[in-house]
**Student:** 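Mind having a look at this structure? Questions to follow.
We number each residue from 1, following the sequence as shown.
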Amino acid sequence: MRGGWWPYVLPILAFLILVDVSGRITDVASLTMLLARVAVPLAILVAFAFRGEYPEVKPKLTKMTCLDGIVGIVLAVMWIAPYILFPRLRPDLDALSFDPGMAGAALIPVVLTIRMIGYAIVTPWLEELFMRSFVIRVADVYETDQDFRSVPIGTFSWRSFITVIVVFLATHQVWEWWVMLPWAVLTNLWFYYRKDLFALMIVHAATNATILLAAIFLSDRFGDGAGGIIPLWFLV
């Protein structure tokens, strides 16, 4: 298993399976499944990281890290704004909205803390490893005997550029494509500029954290055009 595809595939596979399972269970176990969706992929990531499976991830805080965060925040605004401005883009809010009160009012802070850890730490970590370390490099070498790790991080090719965008779209709901497409294109471009996987994790984390904070603090600030308000929980 060491040095193979599993360090990149297993965390996101476990996450996707847990997401699917959590959508099929009753509300009684919803908090347990929310915790599992965070804890299980995180444990897998940490285990592989301690084995040295992710040498391309070089955590280092610099002045550029602040800019990475700003880019992520700007992209979060880009993600949120169309759904506020154009009602037809919104999905069925009742069917898709995340419920911070799933375990009762007293546990809302616990639910939101777990969600923030998963959404702003675990998801960016596993998705960027899978998309911009694994998929993007495999796309360039799958027809050869070359190990994808031999491709330098941030190497541009039209094949890998388009492949990553297609996979991002395929792993998101159709109603998200309006914002997923520009987000994927712009973050790819930032990746080629930065040539740093950790920088993209910061961008992704800042985007997700900003979207969740917007859902927490701005869900009652925007009208839906029909006398109601827009609950932004469907975005998280």
**Student:** State which residue, out of Val9, Leu45, Leu42, fulfils the side chain to side chain contact (heavy atoms under 4.5 Å, CB included) condition with Leu126.
**Tutor:** Leu45
**Student:** Angle between ring planes, Phe168 versus His172, binned at 30° and 60°: parallel, tilted or perpendicular?
**Tutor:** tilted
**Student:** So for atom CZ, which belongs to Arg159, do other residues, nucleotides or ligands contribute more than 12 heavy atoms lying within a distance under 6.0 Å?
**Tutor:** yes
**Student:** Is the ring pair Trp233/Phe98 parallel, tilted or perpendicular, if the boundaries are 30 and 60 degrees?
**Tutor:** tilted
**Student:** Determine whether the aromatic ring centres of residues Trp183 and His204 are separated by less than 6.0 angstrom.
**Tutor:** yes
**Student:** Parallel, tilted or perpendicular for Phe134 and Tyr8, by the 30°/60° rule?
**Tutor:** parallel
**Student:** Specify the closest pair of heavy atoms between Gly154 and Lys195, including all atoms of both residues, with the distance to one decimal.
**Tutor:** O-NZ, 2.9 Å
**Student:** Do you know the tightest heavy-atom contact between Gly69 and Ala206?
**Tutor:** O-CB, 3.4 Å
**Student:** Compute the centroid of each ring, for Tyr83 and then for Trp178, and state whether the two points are separated by less than 6.0 Å.
**Tutor:** no
**Student:** Report the relative orientation of the aromatic rings in Trp190 and Tyr193; use parallel for angles under 30°, tilted for 30 to 60°, perpendicular for over 60°.
**Tutor:** tilted
**Student:** Tell me the closest heavy-atom pair linking Asp196 and Ile153, and the distance in Å.
**Tutor:** N-CG2, 4.2 Å
**Student:** Got Arg37 and Ile114 here, is their nearest side-chain heavy-atom distance under 4.5 Å?
**Tutor:** no
**Student:** To the nearest 0.5 Å, how far apart are CZ in Arg137 and OG1 in Thr163?
**Tutor:** 14.5 Å
**Student:** How many angstroms lie between atom CZ of Phe191 and atom CG of Leu186, to the nearest 0.5 angstrom?
**Tutor:** 15.0 Å
**Student:** Which atoms form the tightest heavy-atom contact between Leu181 and Leu169, and what is the distance?
**Tutor:** N-CD2, 3.9 Å
**Student:** If you look at every heavy atom in Trp177 and Pro182, which pair is closest and at what distance?
**Tutor:** O-CD, 4.2 Å
